There are 2 protein chains.
Amino acid sequence: MAQPIRFRQAASPLKASCQQCSLSNLCLPLAIEENDLGRLEEIVQQGRIYNRGEHIFDQSTPFRSCFAVKSGSVKTSIITEGGEEQVTGFFMPGELVGLDSMSGESYACTAKALERTSVCEFPIDKLEELTGKLPDLQHHMFRLMGQEIQNSHQLALLLSKNTAEERIASLLLSLSSRFQRRRMSPTNFSLPMARNDIANFLGLAVETVSRVFTRFQNQGIIHARGREVELLDVEALQLVTREFSRQSCQQ
Amino acid sequence: MAQPIRFRQAASPLKASCQQCSLSNLCLPLAIEENDLGRLEEIVQQGRIYNRGEHIFDQSTPFRSCFAVKSGSVKTSIITEGGEEQVTGFFMPGELVGLDSMSGESYACTAKALERTSVCEFPIDKLEELTGKLPDLQHHMFRLMGQEIQNSHQLALLLSKNTAEERIASLLLSLSSRFQRRRMSPTNFSLPMARNDIANFLGLAVETVSRVFTRFQNQGIIHARGREVELLDVEALQLVTREFSRQSCQQ
DNA sequence: CATCCAAATTGATGCAAATCAAATTGCTAC
DNA sequence: GTAGCAATTTGATTTGCATCAATTTGGATG
């Protein structure tokens, strides 16, 4: 408590120290015993800092590493031959980006910093070598990848069955709980992404996102000004996400 | 060639033999050297045969095993609290079902046999133990899981950006190429799933699926009678899946 | 501070697909 | 065969959201 949190977050710029990182209870170290942590530190590379809009990696370039977000946030998206973009995820500190690329020799998506963002880099060959030696780390990687599959199944569910309001309420609640796990306010936060990204991610037009935001605001459920969002009535939001199912049951 | 294929497909009912399985170039053995195959056979269990509609595992029950489809086909789906179903995938012989459940202690979805189906069972603790010893197998598991993530990202893309015709054309082409890889006709096959499952998977109403099928039929692109489908003009189908992007580019 | 461009909002209109309704086909079983 | 039920098809109508169009706001830059 006496120790300022800032100190633990900012690691030395040259070598990453997982032991002193404040995210060790969210990130890969979570799975590793104290005395094996050094082996993870041996392979992790202190990534550079990316400014808003900079690419961390690009779709179709050789797949070399997975990246853990250290601070800031990241958006991943796939680009089709026709040039349309589909946002596939938003990543917060402690989350691992690039797992979908484990299936091939090149990145399956593009990762872009949504704000000033720093990352840790895990070269994939070294990481796989280490997971072969540390069963707990291997297990954790399987867990993370399984979770990633589930996440996108949930997204598919949202896209195929839910209304615009339900999709946006779900996203807000998801962000809320992820902020909370990071010791930040679950009701008062600043969206890392633009309305455009939200719309693309949720399969909506920007205009629709905008309209739903103002509708929620008029109903007193949220207060939004630009990217600053305050959740005024979390229960109402949760209710919105279940509206559809409730209606089906009433019949 | 002289050896009948049927012989190699039907393994002994008591013990699974990966070496003699005709799917060894699709399934897990694909990743394993000849002399390590025995170790996989040690942990694989010959699953029972499921009739159409029977559950192979159920969402929220304890996660014990992944299953490789040996013959027949499987549908996975998640059920929400509200009771709505979202089909998350269809699995053909050689494909591994249950990877999304690796993230927790219970199955993340329900797996149902779409027809008379036999499977091989891989107890997850044994499998993880083995992947720790065989780097190639571990690498292959990572590949499979990464591919699974990509698949559902593609599904999300389909759901959020494509029209009903495009979604159905994509599904037909996906099935076609998967049949082809299994040495079956890519243009003449029998759909393992009902219209209802197709609709649910693609985020459409059954009626819409039906209408698109007849529209394709009237255009001479396919010939469909019940579950029997013949692709008469594959190029036209491919064109349909790219219609959207082409229009965007013309502007 | 003024300028410029991108992002966000608000309003009007059109359309693809959902929903509602009904007929037809195809199984399964007796 | 035929009774009965589920799956599929076809038609009519409705609707949520996209699209088009026009402001307004906000952030970056000189």
Side-chain angles (χ1 to χ4, degrees), chain A residues 51-53 75 84-87 112 114-116 158-169 171 190-218 222-229 240 243-244 247-248 250-251, chain B residues 51-53 75 84-87 112 114-116 158-171 190-219 222-229 240 243-244 247-248 250-251:
Chain A
N51 285 317
R52 173 201 286 224
K75 154 187 123 175
E84 359 162 40
E85 178 183 18
Q86 167 74 42
V87 175
K112 200 174 181 178
L114 286 170
E115 52 196 312
R116 205 172 159 75
L158 211 62
L159 293 172
S160 97
K161 302 270 188 303
N162 292 38
T163 66
E165 294 199 352
E166 291 160 357
R167 297 183 207 186
I168 290 174
L171 178 62
S190 151
L191 296 170
M193 74 294 280
R195 296 283 189 278
N196 228 322
D197 294 325
I198 295 180
N200 186 305
F201 181 63
L202 296 178
L204 300 168
V206 200
E207 296 93 325
T208 303
V209 174
S210 185
R211 274 184 256 267
V212 171
F213 266 81
T214 56
R215 215 176 302 157
F216 282 168
Q217 183 140 335
N218 292 338
I222 68 171
H223 177 79
R225 182 161 184 78
R227 294 191 174 194
E228 295 303 319
V229 174
V240 170
E243 204 108 310
F244 181 82
Q247 280 174 7
S248 315
Q250 280 167 6
Q251 294 175 356
Chain B
N51 285 317
R52 174 201 284 222
K75 154 188 122 175
E84 0 162 39
E85 177 182 18
Q86 168 72 43
V87 175
K112 200 175 183 178
L114 285 170
E115 53 196 313
R116 205 172 159 75
L158 211 61
L159 293 172
S160 97
K161 301 271 190 301
N162 291 40
T163 66
E165 294 199 351
E166 290 160 358
R167 297 182 206 185
I168 289 173
S170 288
L171 178 62
S190 152
L191 296 171
M193 74 293 280
R195 297 282 188 278
N196 227 324
D197 294 324
I198 295 179
N200 186 305
F201 180 64
L202 295 178
L204 299 169
V206 200
E207 295 94 325
T208 304
V209 174
S210 184
R211 275 184 254 269
V212 171
F213 267 80
T214 56
R215 214 176 303 158
F216 281 168
Q217 183 140 337
N218 292 337
Q219 293 169 355
I222 68 171
H223 176 80
R225 182 162 184 79
R227 294 192 174 193
E228 295 302 319
V229 174
V240 170
E243 205 108 309
F244 180 81
Q247 280 174 6
S248 315
Q250 280 168 4
Q251 295 176 355

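Bear in mind that the values here come from a model prediction, so they are computed numbers and not experimental data. Quick note on labels: first sequence line is chain A, next is B, and so on, each numbered from 1.
Ion pair B:Lys112/B:Glu85 not flagged as a salt bridge, since none of the NZ, NE, NH1 or NH2 atoms sits closer than 4.0 Å to an Asp/Glu carboxylate oxygen. Under 4.0 Å is where a charged nitrogen must lie from a carboxylate oxygen, and between A:Glu115 and A:Arg227 no such pair does. Salt-bridge annotation for A:Arg215 and A:Glu165: present, with a side-chain N of the basic residue lying under 4.0 Å from a carboxylate O of the acidic one.
Residue A:Leu159 contributes atom CG, which lies 19 Å from atom P of D:dG16 at whole-angstrom precision. Residue A:Ile168 contributes atom CD1, which lies 11 Å from atom C1' of D:dC17 at whole-angstrom precision. Atom-to-atom, NZ of B:Lys161 to C1' of D:dT19 comes out at 15 Å; the value is rounded to the nearest Å. We find that CG of B:Asn51 is positioned 15 Å from C1' of C:dT28, with the value rounded to whole Å.
Separating the CZ atom in A:Phe213 from the CG atom in A:Leu191 is a distance of 5.5 Å, to the nearest 0.5 Å. Distance check, rounded to the nearest 0.5 Å: CZ of A:Arg195 to CG of A:Asp197 gives 11.0 Å. Of the inter-residue distances, the one linking B:Ile168 atom CD1 with B:Thr208 atom OG1 reads 7.5 Å to the nearest 0.5 angstrom.
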Identify all pairs in which a protein N or O lies below 3.5 Å from an N or O of nucleotides 7-17 of chain C, and state each distance.
| residue | atom | partner | partner atom | Å |
| --- | --- | --- | --- | --- |
| C:dA8 | OP1 | A:Arg195 | N | 3.4 |
| C:dA8 | OP2 | A:Arg195 | N | 3.2 |
| C:dT9 | OP1 | A:Arg195 | NH2 | 3.4 |
| C:dT9 | OP2 | A:Arg195 | NE | 2.9 |
| C:dT9 | OP2 | A:Ser210 | OG | 3.0 |
| C:dT9 | O5' | A:Ser210 | OG | 2.9 |
| C:dG11 | N7 | A:Arg211 | NH1 | 2.8 |
| C:dG11 | O6 | A:Arg211 | NH2 | 3.4 |
| C:dA17 | OP1 | B:Ala164 | N | 2.6 |

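Among the atoms of the strands shown, only primed sugar atoms or phosphate atoms (P, OP1, OP2) are found under 4.0 Å from some heavy atom of B:Arg225.
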